[in-house]
2 protein chains.
Amino acid sequence: MGITILEIAKKTGYSKSTVHRALTSSSRIDEKTRQEILRIANKYKYEPNLQARCLCGAKTKILGVIIPDVGNSFYAKALKGIDELAEREGYNVLMFTSHMSEKKEELIVRKLQNHGVEGLLISSMAGGLELVSALKNAGIPYVGFHQTNMSDIDFVHSGLEIGAFKITDYLISLGHRRIGHVTIDQPVDLGIAQKLEGYKRALEKNGIPFDETLIMSRSKFYGFNTGYEATKELLKLRNPPTAVFVLCDRIAVGAVKAIKASGLRIPMDISVAGYDNEPFSEVIDPPLTTVSSSAYEIGKSAAELLIENIENTNTKKRQLVIEPVLVIRDSCRKIG
Amino acid sequence: MGITILEIAKKTGYSKSTVHRALTSSSRIDEKTRQEILRIANKYKYEPNLQARCLCGAKTKILGVIIPDVGNSFYAKALKGIDELAEREGYNVLMFTSHMSEKKEELIVRKLQNHGVEGLLISSMAGGLELVSALKNAGIPYVGFHQTNMSDIDFVHSGLEIGAFKITDYLISLGHRRIGHVTIDQPVDLGIAQKLEGYKRALEKNGIPFDETLIMSRSKFYGFNTGYEATKELLKLRNPPTAVFVLCDRIAVGAVKAIKASGLRIPMDISVAGYDNEPFSEVIDPPLTTVSSSAYEIGKSAAELLIENIENTNTKKRQLVIEPVLVIRDSCRKIG
DNA sequence: TGAATATGCGGGAACGTTCCCGCAGTAAAA
DNA sequence: TTTTACTGCGGGAACGTTCCCGCATATTCA
């Protein structure tokens with residue numbers, strides 16, 4: 001639709017080569033002719049055809065992003081971070097949703113090449129090593145973000161283990177010794193195991209023995225009910241916990257309901273902590289103490305790393321952690 | 001990187017034309033040779049090079065989406081709907097975020113052509129008519145969704161006016177006659193005016209005179225505070241409303257706080273209704289009566305329309321409304 | 001003054017595909 | 001039998017760009 005390099009050549013009387021040189025600000029061209037050509041190019045709003053360009057080996061300026069689900073606010077925010085940085089650096093974002101399936105991921109890699117994607121951001125890796133090696137074979141730079149347990153690739157970690165450690169350590173600092181952990185059964189989601197690790201490490205650091213009966217899960221779904229059922233169960237224990245660290249705020253809402261339904265008060269009788277700092281966590285009763293990892297920052301940093309890898313082939317492997325921060329509100333209280 | 005059509009031709013002994021025919025399942029090819037070629041193609045995992053393909057006028061299978069902000073849950077969900085339908089139909093999604101700025105939108109249109117985007121989904125139109133005519137000139141099909149006041153283009157409407165009408169009508173049906181409306185000053189956002197229209201229409205239908213003093217806005221930002229301030233003001237009126245319809249759930253949370261701070265009870269003393277059915281609306285105290293428009297459905301329908309327009313050039317202009325539904329919870333009550 | 005070098009520019013090839021035209025060979029219709 | 005149509009296939013051109021090579025002319029050096 002737009003004007004082509006050849007048409008500009010016709011209009012200016014130069015050859016396509018010279019026009020190309022003027023446009024790419026390369027050397028070996030007279031400054032006067034460059035200005036002349038540039039004037040015409042701007043007049044007709046020349047824009048290079050990306051398809052043609054990358055057909056002869058040039059750059060597409062497209063970044064691929066694999067996320068499990070855009071509907072999830074975490075990934076949406078991360079995508080925002082990615083998008084903003086990409087835009088700043090002149091890249092565009094092509095989105096692929098995997099829904100945590102290996103098959104999809106393999107198919108995606110195939111597609112990547114066809115779209116001339118220059119680099120890939122991967123948030124979840126159901127495909128794991130196979131996906132990574134496929135990427136390596138294709139020669140596409142990639143960086144992981146959020147969840148991953150691979151140590152030999154670039155990634156930006158959301159520090160789930162650290163966040164879980166922090167909040168558990170905080171509960172302990174308030175005097176709690178019996179801290180329940182409400183979680184779910186979902187082996188694909190690496191974050192769940194990471195949070196459990198952080199929980200355990202905090203106990204260990206403070207010399208509290210790990211008690212398996214305090215780890216409770218009643219389903220494999222993220223949802224209010226999941227938290228409700230598991231917490232009910234936790235409260236039935238002979239020696240119930242004085243505080244509960246819940247996998248995420250969403251599930252924590254169910255936990256809060258269960259506790260209220262049992263006639264207990266938060267935080268007077270029992271403390272509750274969540275994870276994610278969802279928009280609603282601030283407005284529920286009581287406002288929830290939780291952990292916030294900036295999805296936006298994670299996405300942005302991951303994009304930053306990726307673009308560096310693309311433009312600067314020989315960078316060392318780097319692993320970043322966007323430190324999660326404690327958001328202290330009113331749902332936890334000093335014991336005794 | 002992958003194998004090309006020409007290499008398959010070499011391997012099978014046929015010409016590139018025949019290979020192409022086999023691959024595109026066109027006619028005028030012997031079924032036996034097709035199978036033979038297909039076998040080789042699959043063996044070497046042939047994938048057509050999209051750049052080359054669309055350079056000679058073929059389809060890129062890329063859909064562009066312009067949204068103001070992915071961080072916003074509504075747009076994220078709409079994007080999900082778009083993405084899922086696009087995937088089903090073999091399309092990919094290239095995302096552009098406009099941040100509600102005209103300049104960006106113009107630049108985006110330029111980019112679209114270079115990326116060979118086949119169609120465009122537009123959620124906000126700061127650029128308005130100019131953007132649309134630029135699109136028309138470029139020959140790119142497009143459909144608007146969510147907010148738009150243009151009648152001569154395809155769009156999927158989220159029915160903001162209808163939703164506002166429904167909730168206001170519902171409040172009236174509960175016996176309320178003085179219904180406040182908490183809103184914000186943001187002329188770029190068309191949805192605000194649409195909701196006000198729906199509010200007015202419901203009053204009119206029920207023979208209630210419109211009272212300007214009941215329309216209250218104290219800022220131009222979406223946020224808790226906005227709702228808090230405006231509602232405080234509303235409660236100070238000589239003849240305060242018995243019910244408040246708030247622009248969105250987010251702001252409604254502020255309204256709820258303001259009412260509680262004034263010592264009034266919801267819904268016993270005053271009813272509150274929101275809009276959007278945010279995840280937190282269900283868990284606040286009291287659970288908020290609100291309106292839900294399925295962003296997912298809107299995105300999906302818009303993508304559906306667009307793909308039809310792309311593949312089926314001469315379709316009539318269509319305008320869909322995804323009917324918003326009332327979500328009745330505990331924040332509104334019969335008066336008296 | 002002659003040779004080497006630098007500058008400014010043009011032309012051809014290539015990227016991988018699609019579309020169009022043409023050409024045999026065979027089958028159907030006259 | 002001749003004409004017509006159809007089938008199966010090959011080859012050339014085109015899409016718009018980039019890269020490489022080469023050719024004049026101007027400049028520098030011995």
Side-chain angles (χ1 to χ4, degrees), chain A residues 1-38 40-41 44-62 110-118 138-139, chain B residues 1-38 40-41 44-62 110-118 138-139:
Chain A
M1 287 289 139
I3 195 169
T4 75
I5 226 172
L6 222 86
E7 290 169 322
I8 297 181
K10 280 259 164 66
K11 284 191 198 297
T12 55
Y14 290 100
S15 74
K16 63 179 165 51
S17 303
T18 304
V19 174
H20 176 244
R21 271 187 282 263
L23 261 18
T24 54
S25 63
S26 80
S27 55
R28 299 197 54 161
I29 182 171
D30 190 56
E31 194 52 36
K32 249 174 57 187
T33 54
R34 149 171 296 145
Q35 292 306 329
E36 194 184 338
I37 291 170
L38 245 43
I40 299 290
Y44 291 95
K45 296 188 179 177
Y46 170 78
E47 285 283 321
N49 180 314
L50 287 177
Q51 271 76 36
R53 190 172 249 185
C54 80
L55 194 55
C56 24
K59 306 299 180 182
T60 55
K61 291 283 176 183
I62 297 183
R110 280 229 228 165
K111 277 192 173 182
L112 289 176
Q113 295 167 291
N114 302 325
H115 282 289
V117 165
E118 289 193 62
Chain B
M1 289 286 138
I3 195 168
T4 75
I5 225 171
L6 223 86
E7 290 169 321
I8 296 181
K10 280 258 164 65
K11 284 191 199 296
T12 55
Y14 290 101
S15 73
K16 61 179 166 53
S17 301
T18 304
V19 175
H20 175 244
R21 271 187 283 262
L23 261 18
T24 53
S25 63
S26 80
S27 54
R28 300 198 55 161
I29 183 171
D30 190 54
E31 194 52 34
K32 249 173 59 187
T33 55
R34 150 172 295 146
Q35 292 306 328
E36 194 184 338
I37 291 171
L38 246 41
I40 300 290
Y44 291 94
K45 295 189 178 176
Y46 169 78
E47 284 282 323
N49 180 313
L50 286 176
Q51 271 77 35
R53 191 172 248 185
C54 80
L55 193 55
C56 28
K59 306 300 181 181
T60 55
K61 290 283 175 182
I62 297 183
R110 278 228 227 169
K111 277 193 172 182
L112 289 176
Q113 295 168 292
N114 302 325
H115 282 288
V117 165
E118 288 192 62

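Reminder, nothing fancy here: chain letters follow the sequence lines and each chain counts from 1.
For the pair B:Tyr14 and D:dG11, the criterion of a side-chain N or O lying under 4.0 Å from OP1 or OP2 is not met. Close to C:dC9, at under 4.0 Å from its OP1 or OP2, lies a side-chain N or O of A:Thr33.
Contact of A:Thr4 with D:dG16 (side chain to base): no donor-acceptor pair of N or O atoms is detected under 3.5 Å. You won't find any donor-acceptor pair under 3.5 Å spanning the side chain of B:Ser15 and the base of D:dG11, going by distance alone. Side chain B:Arg34 to base D:dG8: no donor-acceptor pair is found below 3.5 Å.
Rounded to whole Å, the distance from CD1 on A:Ile5 to P on D:dC19 is 11 Å. Protein atom CZ of A:Arg53 is 19 Å distant from nucleotide atom P of D:dC15, rounded to whole Å. Rounded to whole Å, atom C1' of D:dG22 lies 10 Å from atom CZ of A:Arg28. The nearest whole Å value for the distance from the NE2 atom in A:His20 to the P atom in D:dC21 is 16 Å. With rounding to whole Å, A:Leu6 atom CG is found 8 Å from D:dT17 atom P. Atom-to-atom, CD of B:Gln51 to C1' of C:dT18 comes out at 15 Å; the value is rounded to the nearest Å. Note: CG (A:Asp30) to P (D:dT27) measures 12 Å, nearest angstrom. The distance from atom CG of A:Leu55 to atom P of C:dG16 is 7 Å, rounded to the nearest whole Å.
Annotation for A:Tyr46 and A:Leu23: closest pair CE2-CD2, 3.5 Å, computed over non-hydrogen atoms. The shortest non-hydrogen separation linking A:Lys59 to A:Arg53 is O-CD, 4.2 Å.
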Item to complete: Evaluate the side-chain contact (heavy atoms from CB on, under 4.5 Å) criterion for residues B:Tyr14 and B:Glu36: first the C-alpha distance (whole Å), next the side-chain angles of each, then the deciding distance (0.1 Å), finally the verdict.
Response: CA-CA 10 Å; B:Tyr14 290 101; B:Glu36 194 184 338; 3.4 Å; yes
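Mapped onto DNA chain D by nearest heavy atom, B:Thr18 and A:Lys16 fall at different nucleotides, with B:Thr18 at the one closer to the 5' end.
Between A:Lys10 and A:Glu7 no salt bridge is recorded (no basic side-chain N to carboxylate O distance below 4.0 Å).
For A:Ala52, the side-chain atoms get nearest to D:dT17 when compared with the rest of C:dC9, C:dT18, D:dT17. Considering only the side chain of B:Ile29, D:dC9 comes nearest among D:dG12, D:dC9, C:dC15.
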